[in-house]
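Presented below is the structure to which this report refers.
Labels below follow one simple rule: chain letters A, B, ... track the order of the sequence lines, proteins then strands, and each chain is numbered from 1.
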Amino acid sequence: MPELPEVETITRLIRPRLEGRRIQGCEVRWTRTLGGLSRPAFARAVVGTRMSRVWRRGKFFVADLEHEGHAKGALVGHLRMTGRVNVEPDGWDPGPYLKVKLALDDGSSFYFIDVRKFARLWYAREAADVLGPLGPEPLSSEFTADGFHTGLRARRRAMKPLLLDQDFVAGLGNIYVDESLFRAGIHPLARSDRISRERAAKLHRAIRETLAEAIAREGSSFDVFYRTPEGNPGSFQDEFRVYGRKGKPCVACGAPIRRIVVGQRGTHLCTSCQRR
DNA sequence: ATCCTATCCTGGCTGC
DNA sequence: TGCAGCCAGGATAGGA
């Protein structure tokens, strides 16, 4: 599932191929991908604009659009589970799951591909209209251990669902939450308001280290879905300590990794290292 | 305020 | 080998 490290990897790869390019044509094969806009309205909005800057926020990627030097909204994408993005030269075969194709002025095209049809590519007058009230970027300086601790204490929720809440912290998903909680030795069902300052600081550090290491390895590819836009798999899945390791020995203590369900989500942990 | 469930989707896996 | 049935999973909406 593309989470922050995967989206960051994708954004870095497509940025040089998109920035400065003008959108010349638009082909939509599945209208719902547009998140409510009709095909003609979407095409009218984006065709003729130039992508000025490509950036990431949480699990979203954004391309700011301009027309004759003036800001003209943004293209905002969310890959959900199986979305992919490619920017490829003419003649490239996007396969059977292509949802949106944008032809660019250098002969290449932007391909938005998705198997399960949950991914979205919005046009919005302001990117913020789509992004909504996202929490802090976990790798930015605005995400501090103290602020994190204060936020945890202000809520009374189980740690796992709180960390998955994009309004609390932006960009974490099922995999990186499990990995971060393991590294910090915190049980997924621990109450957020009972986390000490020291443990909050340890988790804060674990989240940042896990994400940074995953980005350095270009994300995780544990199934056929996630590939970088160059077609390469990431390699962070080789570093998973709990995710997908049910029954295998804990790297720290050797006890078998357990899989439980928390908030309808498969959750992996070492019950010996992560006590309640 | 928080939790729980259903919904959206389809490839891949399990079990017969 | 074939096939039915189940499952994963991000985000959101609605109900408890």
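For A/Arg32, the side-chain atoms get nearest to B/dC8 when compared with the rest of B/dG11, B/dC8, C/dA11.
Whole-Å rounding puts the A/Met81 CE to B/dT7 C1' distance at 11 Å. When the P atom of B/dA6 is taken as reference, atom CZ of A/Phe118 falls 15 Å away, rounded to whole Å. At whole-Å resolution of the value, CG in A/Asn174 and C1' in C/dA11 are 13 Å apart. For the pair A/Arg116 CZ and C/dA11 P, the computed distance is 15 Å after rounding to whole Å. Note: OH (A/Tyr243) to C1' (C/dG9) measures 8 Å, nearest angstrom. Between A/Asp167 atom CG and C/dA11 atom C1' there is a gap of 11 Å when expressed in whole angstrom units. Note: CZ (A/Arg29) to P (B/dC9) measures 18 Å, nearest angstrom. Summarising the geometry, the separation between CD on A/Gln166 and C1' on C/dG10 is reported as 8 Å, rounded to the nearest angstrom.
At the phosphate of C/dG10, neither OP1 nor OP2 sits under 4.0 Å from any side-chain N or O atom of A/Lys59. The side chain of A/Arg155 places an N or O atom within less than 4.0 Å of a non-bridging phosphate oxygen (OP1 or OP2) of B/dT2. Residue A/Tyr97 places none of its side-chain N or O atoms closer than 4.0 Å to OP1 or OP2 of B/dT10. The side chain of A/Arg265 contributes an N or O atom lying less than 4.0 Å from OP1 or OP2 of C/dG10. Between A/Arg259 and the phosphate of C/dA8, there is a side-chain N or O to OP1/OP2 separation shorter than 4.0 Å. In this model, the phosphate group of C/dA11 is approached by a side-chain N or O of A/His78 to a distance below 4.0 Å at OP1 or OP2.
The pairing partner recorded for C/dG14 is B/dC4, the criterion being a Watson-Crick or G-U wobble arrangement whose two distances lie under 3.5 angstrom.
The closest donor-acceptor contact from the side chain of A/Arg15 to the backbone of A/Val54 lies under 3.5 Å.
Salt-bridge formation is not detected for the pair A/Glu66/A/Arg53: no Lys NZ or Arg NE/NH1/NH2 atom is positioned less than 4.0 Å from an Asp or Glu carboxylate oxygen. Remark: A/Asp193 does not engage A/Arg153 in a salt bridge, criterion side-chain N to carboxylate O under 4.0 Å.
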Could you run down the sub-3.5 Å N/O contacts of the protein with nucleotides 3-5 of chain B?
residue : atom : partner  : partner atom : Å
B/dC3   : OP1  : A/Arg191 : NH1          : 3.3
B/dC3   : OP2  : A/Arg157 : NE           : 3.0

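In the interface, the side chain of A/Arg80 is not paired with the base of C/dG9 through any donor and acceptor atom under 3.5 Å apart.
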Donor-acceptor list for residues 197-204 of chain A side chains, cut-off 3.5 Å, not counting sequence neighbours:
residue  : atom : partner  : partner atom : Å
A/Arg197 : NH1  : A/Asp146 : OD1          : 2.5
A/His204 : NE2  : A/Phe143 : O            : 2.9
A/His204 : NE2  : A/Ala145 : N            : 3.4

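Residue A/Glu239 qualifies as enclosed at atom CD: its count of foreign heavy atoms under 6.0 Å is above 12.
Residues meeting the side-chain contact (heavy atoms from CB on, under 4.5 Å) test with A/Ala255, sequence neighbours left out: A/Cys253, A/Cys270, A/Ser272.
Side-chain contact annotation: A/Ser220 with A/Tyr176, donor-acceptor N/O pair under 3.5 Å present.
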